[in-house]
Amino acid sequence: MEISNRAKNIAPSLTLAITAKAKAMKAQGLDVVSFGAGEPDFNTPSYIIDAAKDALDRGMTKYTPVSGTPELRAAICDKFLRDNGLSYTPDQIVVSTGGKQTLRNAFEAVINPGDEVILPAPYWLTYPELIRMSGGEVVYLDTDASSDFKVTPEALEKAITPKTKAFVLNNPSNPNGSVYTEAELRALAAVLEDKDVYIISDEIYEKLVYGVEFFSVAAVSEKIKEKTIICSGLSKTYAMTGWRMGYSAAPLAVAKAMSSIQSHTTSNANSIAQYASYIALTDKRGDEFLTSMQKTFDERRKLISSLAKKIPYAESNEPKGAFYIMINVSGAFGKKCGGTEIKNSSDFCAKLLETELVAAVDGAAFGAPEYIRLSYAISESDIVKGMERITNFMKALN
């Protein structure tokens with residue numbers, strides 16, 4: 001008796017594994033600094049927590065429509081119109097159990113076995129697994145630091161084949177924090193406008209941008225909107241990671257397909273969390289919370305970027321969005337730490353955790369084998385401590 005081939009070929013999430021290992025070491029009393037977490041270190045705002053309690057008191061503990069309550073879907077439509085200038089109807093919205101399910105629904109809805117999906121690298125490590133689970137073939141499209149890890153129209157055009165079914169756009173980006181300008185998105189959209197290729201646009205970090213304006217690719221034109229599936233959620237925006245609340249906006253036929261798929265997997269998202277999410281999106285207190293969180297992350301971004309420049313044998317771009325920075329540590333490859341040669345980013349992360357008690361995520365998991373990814377969703381004191389340890393680690397190599 002064996003597990004399925006599909007299951008055998010799916011790699012577990014490295015970011016979750018690193019975070020779990022760091023927590024286990026901390027539980028043993030070790031002074032670990034973990035740069036692995038992909039979640040805000042803020043608590044969910046109290047008005048949202050109170051809304052969940054209110055939902056329980058009011059008996060909102062039953063099934064809801066698969067795609068979400070009418071009130072929440074209407075609030076999401078209002079959000080898109082207000083923030084992005086995009087007009088959707090509630091039947092184009094599907095509320096899901098977190099951003100991952102939203103993306104899985106999207107891939108399942110449009111991909112047939114053998115379809116190609118263009119995925120820019122570096123990429124969030126879950127994308128390739130979701131594409132393969134849906135029967136698709138991943139076509140990696142490499143980017144580099146010289147373009148701030150952004151896809152050019154020329155490279156996108158070259159990657160498209162008759163088998164191409166979708167293009168994944170993560171803006172702002174996890175793992176590198178790059179943010180596309182409106183002009184850059186319009187140039188990419190021009191490549192896709194007359195092609196039968198869906199754009200799966202992951203915009204979950206849209207509120208966390210610094211010194212730039214966020215622009216949704218779906219706002220380029222009505223024609224582009226009709227082939228774009230926006231995947232988002234409340235996890236990053238309102239520090240609601242554990243609430244598992246994702247949502248999508250898509251062409252009507254795609255939205256119906258996504259809802260049908262969800263009806264046979266999880267059915268509706270948590271009813272109490274749905275009401276809390278409705279309040280999150282409609283209560284004006286959310287604006288103050290978002291402004292404060294964005295300001296804090298911006299200060300941390302500037303701090304970690306300045307400290308990264310001081311690390312010997314390393315290079316990095318300054319992120320413009322999300323709460324991650326990638327650092328090129330290939331200058332350490334071939335050097336030794338305590339007699340052990342560092343051959344790749346995996347060796348680097350292992351020795352860094354062993355000798356300096358700093359947890360970073362191996363860039364190979366993101367299609368960037370010369371890099372490590374650091375999350376600055378931690379305190380400024382931990383950022384300073386962790387970056388000093390990385391600097392000391394590099395200085396000690398021989």
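Just so you know, these numbers come straight off a predicted model, no measurement behind them.
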Requested in this report: Report yes or no: do Q274 and T64 form a side-chain donor-acceptor pair below 3.5 Å?
Outcome: yes

**Report entry** K256 bridged to D91 by N-O distance under 4.0 Å
**Finding:** no

**Report entry** Check: T228 and I200 side chains under 4.5 Å, non-hydrogen atoms
**Finding:** no

Query raised in the report: Is the side chain of Q262 donor-acceptor paired with the backbone N or O of S267 at a distance under 3.5 Å, no angle test?
Result: yes

Requested in this report: Nearest 0.5 Å please: distance from the CG atom of L72 over to the OG1 atom of T282.
Outcome: 9.5 Å

Requested in this report: Measure from the ring center of Y371 to the ring center of F149 and say whether it is less than 6.0 Å.
Outcome: yes

**Report entry** Between N84 and E206: side-chain donor-acceptor atoms closer than 3.5 Å
**Finding:** yes

Report task. Establish, from distance only, whether the side-chain atoms of Y275 and R58 form a donor-acceptor pair under 3.5 Å. Result -> yes

Query raised in the report: Is any side-chain N of the basic residue among R300 and E380 closer than 4.0 Å to the acidic one's carboxylate O?
Result: no

Report summary line: Partner of F297 under ring-ring contact (aromatic ring centres under 6.0 Å, His included), picked from Y205, Y324, F323, is F323

**Report entry** Any N105 side-chain heavy atom under 4.5 Å of Q101 side chain
**Finding:** yes

**Report entry** Side-chain (S263) to main-chain (S260) donor-acceptor, under 3.5 angstrom
**Finding:** yes

**Report entry** I10 side chain near M133 side chain, heavy-atom distance below 4.5 Å
**Finding:** yes

Query raised in the report: Counting distance only, does the side-chain N/O of K225 pair as donor-acceptor with the main-chain N or O of A250 below 3.5 Å?
Result: no

Query raised in the report: Would you call K227-D196 a salt bridge at under 4.0 Å N-O?
Result: no

Query raised in the report: Can we say R285 and E288 salt-bridge, meaning some charged N sits less than 4.0 Å from an Asp/Glu carboxylate O?
Result: no

**Report entry** Side-chain donor-acceptor pair present, S67, S259, cut-off under 3.5 Å
**Finding:** yes

Query raised in the report: Taking only residues two or more places apart in sequence, or in another chain, which ones meet E193 in a salt bridge (charged side-chain N to carboxylate O under 4.0 Å, His left out)?
Result: none

Requested in this report: State, yes or no, whether a side-chain contact exists between L56 and I272 at a heavy-atom distance under 4.5 Å.
Outcome: yes

Query raised in the report: Below 4.0 angstrom, N of the basic side chain to O of the carboxylate: do E154 and K158 qualify?
Result: no

**Report entry** Side chains of S316 and M326 in contact at under 4.5 Å (non-hydrogen atoms)
**Finding:** no

Report task. Using a 4.5 Å cut-off on heavy atoms from C-beta on, say whether the side chain of V94 contacts that of R73. Result -> no

Query raised in the report: Under a 4.5 Å cut-off applied to non-hydrogen side-chain atoms, are Y123 and P128 in contact?
Result: yes

Query raised in the report: Is any side-chain N of the basic residue among K79 and D83 closer than 4.0 Å to the acidic one's carboxylate O?
Result: yes

**Report entry** Cation-pi geometry met for R132 and Y127 (6.0 Å, 45°)
**Finding:** no

Query raised in the report: Is it true that E157 and K195 make a salt bridge, defined as a side-chain N closer than 4.0 Å to a carboxylate O?
Result: yes

Output side-chain donor-acceptor pairs under 3.5 Å for residues 328-342, partner residues at least two apart or in another chain, one line each.
| residue | atom | partner | partner atom | Å |
| --- | --- | --- | --- | --- |
| N328 | OD1 | S330 | N | 2.9 |
| N328 | OD1 | S330 | OG | 2.7 |

Query - Lys/Arg N to Asp/Glu carboxylate O, D298 vs R301, below 4.0 Å - result: yes

Report task. Starting at CD of E203, measure out to OG of S232 and round the result to the nearest 0.5 Å. Result -> 7.0 Å

**Report entry** Residue pair L119 / L141, side-chain heavy-atom distance below 4.5 Å
**Finding:** no

